[in-house]
Protein chains: 4
Amino acid sequence: MAKKTGEKYDAIINAAVKVIARHGYHQAQVSKIAREANVADGTIYLYFENKEDILISLFAEKMGQFVTVAEQTINEQTTVEEKLRTLIYMHFYQLAKDPDLAVVTQLELRQSDPALRQKINEILKHYLQLIDKLIQLGVKEGAFSPDIDPLLARYMIFGTLDESVTNWLLKERKYDLLSNVEPILRLLLHGLKSA
Amino acid sequence: MAKKTGEKYDAIINAAVKVIARHGYHQAQVSKIAREANVADGTIYLYFENKEDILISLFAEKMGQFVTVAEQTINEQTTVEEKLRTLIYMHFYQLAKDPDLAVVTQLELRQSDPALRQKINEILKHYLQLIDKLIQLGVKEGAFSPDIDPLLARYMIFGTLDESVTNWLLKERKYDLLSNVEPILRLLLHGLKSA
Amino acid sequence: MAKKTGEKYDAIINAAVKVIARHGYHQAQVSKIAREANVADGTIYLYFENKEDILISLFAEKMGQFVTVAEQTINEQTTVEEKLRTLIYMHFYQLAKDPDLAVVTQLELRQSDPALRQKINEILKHYLQLIDKLIQLGVKEGAFSPDIDPLLARYMIFGTLDESVTNWLLKERKYDLLSNVEPILRLLLHGLKSA
Amino acid sequence: MAKKTGEKYDAIINAAVKVIARHGYHQAQVSKIAREANVADGTIYLYFENKEDILISLFAEKMGQFVTVAEQTINEQTTVEEKLRTLIYMHFYQLAKDPDLAVVTQLELRQSDPALRQKINEILKHYLQLIDKLIQLGVKEGAFSPDIDPLLARYMIFGTLDESVTNWLLKERKYDLLSNVEPILRLLLHGLKSA
DNA sequence: AATGAATGAGCATTCATTCAT
DNA sequence: TATGAATGAATGCTCATTCAT
């Protein structure tokens, strides 16, 4: 029923990002999003099933683009190390270049209902699979230790990146997130231990 | 005004944990918590300023115990490696032994308002400082590389543990979280790289 | 402004009957009627002033046919008793042969606004006048008692028929409505009293 | 959950009757009823599950009283004819003495959803059974013809009374409804036929 | 100290109608 | 004639907090 394309579809999603980033998840009323998108309240429902659908679509669209671009760029790299560097870089770059989106996906959307969280996790899976493939390749090619548990390795990579971005946001983006790419790459590759 | 001690104070906090774990953050009404604690709705407000205060107090009480016990046990260890192992163990152990609390702090409380999140972060700081001290010691004693950025190292440690616990919960605690202590210790110490 | 004739005019009215019978008065949106009639929403407003006008026109058209046919058939009868039998028969027959229309006029349209009810009553008046003329004739010819109050007699006739049809519909048309013609004729003529 | 007794329970029901009678079914918002009852909107929901529950309770309470009083008074009569006279009288009297209630039950509540109609019909059943028992008795005692179909007889009695009250209301109560008791009794007993 | 009845602000969604094409 | 995308007003219900008892 809801026509999920078109100029206004995009306008509404971008308005939602803006409103949520500016006013917070719990103050992002449909009417506020509509006003920001320069459409009537009712127009929202020509493009989205309901409010939750706006948020899911928002996440799906943005995360979809994210994963697509990240995957392409990673595939262009030859060595596993280079691929991991690219993953970290893309992860940080995509969020650093759109701070509103960063706030929305990293902080605000995490306040949502379990039902919405569930759907967001479904979308996030594609990104996690990207990491899983990278780990698999690293082990296969001998770049990563065969002893590592691939799932735990993924927890470490994603957990580290996620925690880094969250803290960067909580510290109000006072430093350049991208400057962390190399040190975090080293940490993930070599761990804490001194040589 | 609010008398933050007494039998009923504890009863209300424990009731809150139970209710939130069972019904979720957004279905944890004050009246439900009061009923679970066997007190009248109004009585809640003799012990807590408002609903947010219940949640903050809950987190403060439980996290306070957590940090105290963790710190003590870590201090009993001699080597840095042993201390890190203990940190991971305590982190996992404390949440594994009280699944209701784990669900509340790890999943449900993260749906709360930014204002509450802020205060929770304040409380969390004590735990993060525990990690920071450990890293500092590791570098000082030569166990950890002098090149690591201490803050990023903390992001890695906390992010990895946090992501591990969250996934364990989302997978409905189908495996033994404690079996992950050693592999995660190895990951954090040596990273992904093959020897 | 509204052009109240033409192929589409009829199509929209018949679509309205179908949609209301199938989905109920409160679920009979203009867009649903338009879809059923294979026209665009906006086209409706080329033939009808507004939604209420569809319903009034529906009732007027169908009731108009009803009264015309009933009047003709009654006029063909010679005795007053035969005329009353025919009235009952036509009333039941017309509704029994078109169950959708029966549901719409007998049940669904009664949920409408007082404003609409008022206009429906105006249309219904032609039918009630038919009954009134019958009573008048009966009294004049000596078939009916000169003591009866003509208005109350009409209430009895119409009320009995109406209640009969409504109950037949509420009992999901599980019996033959026409089998009630004779017993109801006897009731109306002789009342409850034993001979 | 809803506490269906008490001073405010009655106040809300009476306020609902007043508001619906004055403004019509579709303009009887919960907030309007609350204001009329001198309680807060939220208080409504301490006594009723939801808006529909107000209307059902209204009908149940008033109809319950109606049936109880009618039944008692009818039982005090000895002959069947006297009982029928009493039924008609009580039916008219109860509605004539409370015109607001008459408008609500006779006109406004009939605009309600099928779901609500259904529940109203359940309540109405008790009244219809009262009529059924009267007919049964009449036939058994020989006062009514053994040839009448008891169900159709009920349709006639109720249909006639209902149609009479409705028309009296639509004619804005310009005449005394009770003056119709005797003529309608005669109609129901002897029918239209001249002696 | 404890109670619990009462309060009232706040918001997603539907759908009849319009009008530019 | 015909279309259908866009409009925007209107409302039932929840629940944290208070305060008279």
Side-chain angles (χ1 to χ4, degrees), chain A residues 1-3 6-9 12 26-35 37-54, chain B residues 2-3 6-9 26-35 37-55, chain C residues 2-3 6-8 26-35 37-55, chain D residues 1-3 6-9 26-35 37-54:
Chain A
M1 216 87 166
K3 196 186 135 212
E7 202 177 291
K8 299 203 172 174
Y9 175 79
I12 292 165
H26 289 291
Q27 280 304 308
Q29 294 89 348
V30 170
S31 59
K32 211 178 266 173
I33 294 172
R35 204 178 320 124
N38 277 319
V39 298
D41 291 16
T43 305
I44 299 266
Y45 294 87
L46 297 177
Y47 294 90
F48 300 90
E49 299 291 344
N50 47 41
K51 186 179 179 182
E52 189 185 68
D53 189 29
I54 306 177
Chain B
K3 186 187 150 228
E7 201 178 294
K8 296 199 174 176
Y9 175 79
H26 288 292
Q27 279 305 307
Q29 295 87 349
V30 170
S31 60
K32 211 179 265 175
I33 295 171
R35 203 176 324 123
N38 279 318
V39 299
D41 292 17
T43 306
I44 298 266
Y45 293 87
L46 299 175
Y47 294 90
F48 299 90
E49 299 293 342
N50 47 41
K51 186 181 179 180
E52 190 184 69
D53 189 26
I54 306 175
L55 304 176
Chain C
K3 188 189 148 227
E7 200 178 296
K8 295 200 176 178
H26 289 291
Q27 280 306 306
Q29 295 88 348
V30 170
S31 61
K32 212 179 264 174
I33 295 171
R35 205 177 320 126
N38 279 317
V39 300
D41 292 16
T43 305
I44 298 267
Y45 292 87
L46 298 175
Y47 293 89
F48 299 90
E49 298 293 342
N50 48 39
K51 186 181 180 179
E52 191 184 68
D53 189 27
I54 306 176
L55 305 176
Chain D
M1 215 84 165
K3 194 185 136 214
E7 201 177 292
K8 299 204 172 175
Y9 174 79
H26 289 292
Q27 279 305 306
Q29 295 88 348
V30 171
S31 60
K32 213 178 264 174
I33 295 171
R35 203 177 321 121
N38 277 318
V39 298
D41 291 17
T43 305
I44 298 265
Y45 294 88
L46 296 177
Y47 294 90
F48 299 89
E49 300 291 344
N50 47 42
K51 186 180 178 180
E52 189 186 67
D53 189 29
I54 306 177

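A, B, ... follow the sequence lines: proteins, then strands. Residue 1 opens every chain. Worth saying up front: this structure is predicted, and the values here are computed from it rather than measured.
The side chain of Y45(C) sits closest to dT18(E) out of dT17(F), dT18(E), dA12(E). In the set dT3(E), dT17(E), dT17(F), dT17(F) carries the atom at the smallest distance from any side-chain atom of N50(B).
Taking atom CG of residue N38(B) and atom C1' of nucleotide dG4(E), one finds them 15 Å apart after rounding to whole Å. Following rounding to the nearest Å, E49(A) (CD) and dA12(E) (C1') show an atom-to-atom distance of 14 Å. One interatomic measurement links the two molecules: CD1 of I54(C) to C1' of dT17(E), which rounds to 11 Å at whole-angstrom precision. Rounded to whole Å, the distance from CZ on R35(D) to P on dG12(F) is 12 Å. Straight-line distance from the CD1 atom of I33(C) to the C1' atom of dC15(E): 12 Å, rounded to whole Å. One atom, CG of L46(A), and another, C1' of dA16(E), lie 14 Å apart when rounded to the nearest Å. Taking atom NE2 of H26(D) as the reference point, atom C1' of dT14(E) lies 15 Å away to the nearest angstrom. Between K32(D) atom NZ and dT11(F) atom P there is a gap of 8 Å when expressed in whole angstrom units.
Nearest-nucleotide positions on DNA chain E place G42(B) closer to the 5' end than the other of D41(D) and G42(B). Comparing Q29(B) and V39(A) by the nucleotide of DNA chain F whose heavy atom lies nearest to each, the residue mapping closer to the 5' end is V39(A). Mapping K3(D) and Q27(C) onto DNA chain E by nearest heavy atom places K3(D) closer to the 5' end of the strand.
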* Structure fact -> With both pairing distances under 3.5 angstrom for Watson-Crick or G-U wobble, and | for a partner in another strand, the correct string for DNA chain F is .||||||||||||||||||||

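In terms of heavy-atom proximity, K32(C) sits nearest to Q27(C) at NZ-O, 2.8 Å. Across all their heavy atoms, F48(D) and D53(D) have their closest contact at CA-OD2, 3.4 Å. Between K3(A) and Y47(A) the shortest heavy-atom distance is O-CD2, 3.0 Å.
Distances shown here put every side-chain N or O of K51(A) at or beyond 4.0 Å from the OP1 or OP2 atom of dT13(E). For T43(A), a side-chain nitrogen or oxygen approaches OP1 or OP2 of dT7(F) to under 4.0 Å. Residue K8(B) places at least one side-chain N or O under 4.0 Å from the OP1 or OP2 atom of dA2(E). For dA6(F), the OP1/OP2 oxygens have a side-chain nitrogen or oxygen of Y47(A) closer than 4.0 Å.
Under the rule for a side chain to side chain contact (heavy atoms under 4.5 Å, CB included), the partners of D41(D) that lie at least two apart in sequence or sit in another chain are S31(D), A34(D). Checked against side chain to side chain contact (heavy atoms under 4.5 Å, CB included), K51(A) has the following partners two or more places apart in sequence or in another chain: V30(A).
With rounding to the nearest 0.5 Å, the separation of CD1 in I33(A) from CD1 in I44(A) is 6.0 Å. Y9(B) contributes atom OH, which lies 16.0 Å from atom OG1 of T43(B) (distance to the nearest 0.5 angstrom).
V30(A) comes within 4.0 angstrom of a base, heavy atoms only.
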